[in-house]
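Reading through the structure tokens given below for one structure.
Computed from a predicted model, the values in this text were never measured in an experiment. Positions are given from 1 along the sequence.
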Amino acid sequence: MFDRLQAVEDRYEKLNELLSDPDVVNDPKKLRDFSKEQADISDTVQTYRQYKDVKEQLQDAKAMLEEKLDAEMRDMVKEEVSELESQKEELEAQMKFLLIPKDPNDDKNVIFEIRGAAGGEEAALFANSLYRMYSRYAESQGWKTELIDANPTGLGGFKEISFMITGKGAYSKLKFENGAHRVQRVPETESGGRIHTSTATVACLPEAEDVEIEIHDKDVRVDTYCSSGAGGQSVNTTASAIRVTHIPTGIVVTCQDEKSQHKNKDKAMKVLRARVYDKFLQEAQAEYDEVRKSAVGTGDRSERIRTYNYPQNRVTDHRIGLTLQKLDQIIEGKLDEIIDALILEDQSSRLEAASND
């Protein structure tokens, strides 16, 4: 581990030199790439340097115990040794986690796609509840939410809705939301007070940049049509809505949120790039899973990951066996406790896997 840490620190110093090189300063791509690389390893380097400093202080303190000291001074040095050893252990644990390979998508923006699944109108209403939950969580993080496309129902639900969350580290915190979410509650449409079970599916895609996924014009078909609202009525008499089809994969994206055809096309292309990029990621993840199953997983859209039980005010994440009697808070966007637990489980799993390699 320490050989790897020293190599990371050496690379950090090399990047300092490169970022002062006029050839790099005058090359926007190199400057951006090297700056990002340095930022990515900065925490690891600072923690390693702090570790080396604590280790040196500990050696000095232990050396003092070999000298002739009065009782009071010896007790003080022993206390210092104990504190430094505790710090050393904590820093070693931190460094192990920092050396886990980082997901290259972690700093990216997120494109969410939520669809009502089993349960008809109640599933559509639940999709709206999830959209509101993620929007409020994004707001609490200081992130921006932007609607891309929506297919609303007459009772205020969504058959499907897609939106982007923009903010540093958005994907790192939200990537475990992929999958089927189940709700158990008495629907607004239920007069007999019976509890119904419905589901909605969530896809959380990292926004793909042009340099990561190249989509050629010849591989894309763009159709325009008039946008429509709930119940199918036309809300725009001009053909501003866009349908984009990626011919090689058959992926279709629609966008009608903006009145401008140009803006709708830009949004649709963002989603298309993300979906095509995600398709490649899923294929790569499937190959990886042949070798080692992830404890948390970010891939299988059909996997039931969480249940929201309204009568008992309970939320259960089935992947990590976490149950919280806080549904009223969680559905209002207070997701930190669940998200932190998922991240910790993923880190622990990957740390264990790295140790076994």
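- Under the 3.5 Å distance criterion, the side-chain polar atoms of Asn309 are left unmatched by any main-chain donor or acceptor of Val315.
- Residues Thr145 and Glu139 are not in side-chain contact: their nearest non-hydrogen atoms beyond the backbone lie 4.5 Å or more apart.
- Residues Phe2 and Leu91 fall within the same hydrophobic cluster, defined by Ile, Leu, Val, Met, Phe, Trp and Tyr side chains chained together at heavy-atom separations under 4.5 Å.
- In this structure, the separation between CD1 on Ile331 and CG on Leu130 is 5.5 Å, given to the nearest 0.5 Å.
- Remark: side-chain polar atoms of Thr199 are paired, donor with acceptor, to backbone N or O of Ala118 under 3.5 angstrom.
- We find that Lys108 and Glu207 are not joined by a salt bridge, their nearest charged nitrogen and carboxylate oxygen being 4.0 Å or further apart.
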- Message: Before you tell me yes or no, could you show the steps for Arg115 and Thr201 under side chain to side chain donor-acceptor pair (under 3.5 Å), namely the whole-Å CA-CA distance, both residues' side-chain angles and the distance that decides it to 0.1 Å?
- Response: CA-CA 5 Å; Arg115 291 180 173 82; Thr201 60; 5.4 Å; no
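- Side-chain contact between Met164 and Val110: absent, with no pair of heavy atoms (C-beta onward) separated by less than 4.5 Å.
- Ile114 places none of its side-chain heavy atoms less than 4.5 Å from the side chain of Phe158.
- Salt-bridge annotation for Asp10 and Lys14: absent, with no side-chain N of the basic residue lying under 4.0 Å from a carboxylate O of the acidic one.
- Between Glu37 and Arg11 the shortest side-chain heavy-atom distance falls below 4.5 Å.
- Taking hydrophobic clusters as Ile, Leu, Val, Met, Phe, Trp and Tyr residues chained together by side-chain heavy-atom distances below 4.5 Å, Leu84 does not share a cluster with Met76.
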Please list every donor-acceptor pair under 3.5 Å in which a side-chain atom of residues 242-255 meets a protein atom from a residue at least two apart or in another chain.
residue : atom : partner : partner atom : Å
His246  : ND1  : Thr249  : OG1          : 2.7
Thr249  : OG1  : Ile251  : N            : 3.3
Thr254  : OG1  : Asp149  : OD2          : 2.6

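- Arg275 and Tyr277 share no donor-acceptor pair across their side chains, judged by distance under 3.5 Å alone.
- When atom types are taken as modelled, the side chain of Asn313 and the backbone of Asp328 share a donor-acceptor pair closer than 3.5 angstrom.
- Atoms CG and OG, on Asp107 and Ser172 in that order, are 7.0 Å from each other to the nearest 0.5 Å.
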Inset, instruction - Show your working on side chain to side chain contact (heavy atoms under 4.5 Å, CB included) between His318 and Ile305 and close with a plain yes or no. - result: CA-CA 5 Å; His318 304 289; Ile305 66 166; 6.0 Å; no
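- Of all heavy-atom pairs between Tyr137 and Asp336, the closest is CE1-OD1, 3.7 Å.
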Self-check item: side chain to side chain contact (heavy atoms under 4.5 Å, CB included) between Val81 and Glu85, worked out
Solution: CA-CA 6 Å; Val81 167; Glu85 284 180 337; 3.9 Å; yes
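- A donor-acceptor contact under 3.5 angstrom links the side chains of Tyr51 and Glu92, judged on distance only.
- Other residues, nucleotides and ligands place no more than 12 heavy atoms under 6.0 Å from the CD atom of Glu56.
- Between the side chain of Ser42 and the backbone N or O of Gln38, no donor-acceptor pair lies under 3.5 Å.
- A salt bridge links Lys175 with Asp106; the closest basic N to acidic carboxylate O contact falls under 4.0 Å.
- At a threshold of 4.0 Å, the pair Arg319-Glu345 does not count as salt-bridged, since none of the basic side-chain nitrogens sits closer than that to a carboxylate oxygen.
- With values rounded to the nearest 0.5 angstrom, Leu335 atom CG is found 9.0 Å from Gln141 atom CD.
- Residues Asp40 and Lys36 have side chains in contact (heavy-atom distance under 4.5 Å, counting atoms from C-beta outward).
- Of all the heavy atoms in Asn128 and Gly156, the pair that sits closest is ND2-O, 2.7 Å.
- In this structure, Asp266 does not pair ionically with Lys270, as no charged nitrogen and carboxylate oxygen lie closer than 4.0 Å.
- Contacts classified as side-chain hydrogen bond (donor to acceptor under 3.5 Å, both in side chains) and involving residues 66-82 (residues at least two apart or in different chains) are not found.
- Atom CD of Glu337 has 12 or fewer heavy atoms from other residues, nucleotides or ligands within 6.0 Å.
- Pro206 and Tyr171 get closest at one heavy-atom pair: CD-CE1, 3.5 Å.
- Ser35 and Leu19 get closest at one heavy-atom pair: OG-CD2, 3.5 Å.
- The same ILVMFWY cluster, assembled from side-chain heavy atoms under 4.5 Å apart, contains both Val54 and Leu65.
- Contact annotation: the side chain of Val202 approaches that of Phe112 to within less than 4.5 Å [non-hydrogen atoms, C-beta and beyond].
- Salt-bridge annotation for Lys52 and Glu9: present, with a side-chain N of the basic residue lying under 4.0 Å from a carboxylate O of the acidic one.
- Taking the side chain as every heavy atom from C-beta outward, Lys218 and Val220 never approach each other to under 4.5 Å.
- At a threshold of 4.5 Å between non-hydrogen side-chain atoms, the residues Tyr12 and Gln46 count as touching.
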Could you go through Tyr131 and Phe126, starting from their C-alpha distance and side-chain angles, then the distance that decides it, and tell me whether this counts as ring pair (Phe, Tyr, Trp, His ring centres under 6.0 Å)?
CA-CA 9 Å; Tyr131 167 59; Phe126 180 46; over 10 Å; no
Margin query: Between Ile339 and Phe176, is the side chain to side chain contact (heavy atoms under 4.5 Å, CB included) condition met? List the steps.
Written below: CA-CA 8 Å; Ile339 287 173; Phe176 301 118; over 6 Å; no
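- Residue Thr316 holds its OG1 atom at 9.0 Å from CD1 of Ile338, rounded to the nearest 0.5 Å.
- A distance of 12.5 Å separates CG in Asp53 from OH in Tyr48, rounded to the nearest 0.5 Å.
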Practice prompt. For the pair Glu122 and Val183, evaluate side chain to side chain contact (heavy atoms under 4.5 Å, CB included) and give the outcome as yes or no after the intermediate values.
Written response: CA-CA 9 Å; Glu122 170 62 8; Val183 64; 4.2 Å; yes
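- Here the straight-line distance linking atom CG of Leu174 with atom CG of Leu342 works out to 10.5 Å at 0.5 Å rounding.
- Side-chain atoms of Ser86 do not come within 3.5 Å of backbone N or O of Glu83 as any donor-acceptor pair.
- By the 4.0 Å N-to-carboxylate-O rule, Glu146 lies close enough to Lys267 to be salt-bridged with it.
- With Asp317 contributing its side chain and Leu322 its backbone, the two residues share no donor-acceptor pair below 3.5 Å.
- When all heavy atoms of Cys204 and Asn178 are compared, the pair lying nearest together is N-OD1, 2.5 Å.
- Heavy atoms only, all atoms of each residue included: Gly119 and Ser198 are closest at CA-OG, 3.7 Å.
- Defined by atom type and a distance below 3.5 Å, a donor-acceptor pair is present between the side-chain atoms of Thr153 and Glu121.
- With Asn109 contributing its side chain and Gly167 its backbone, the two residues share a donor-acceptor pair below 3.5 Å.
- Lys159 places no side-chain N or O within donor-acceptor distance of the main-chain N or O of Ala117, the cut-off being under 3.5 Å.
- Arg221 has a carboxylate O that lies under 4.0 Å from a charged side-chain N of Asp223, or vice versa, which qualifies the two as a salt bridge.
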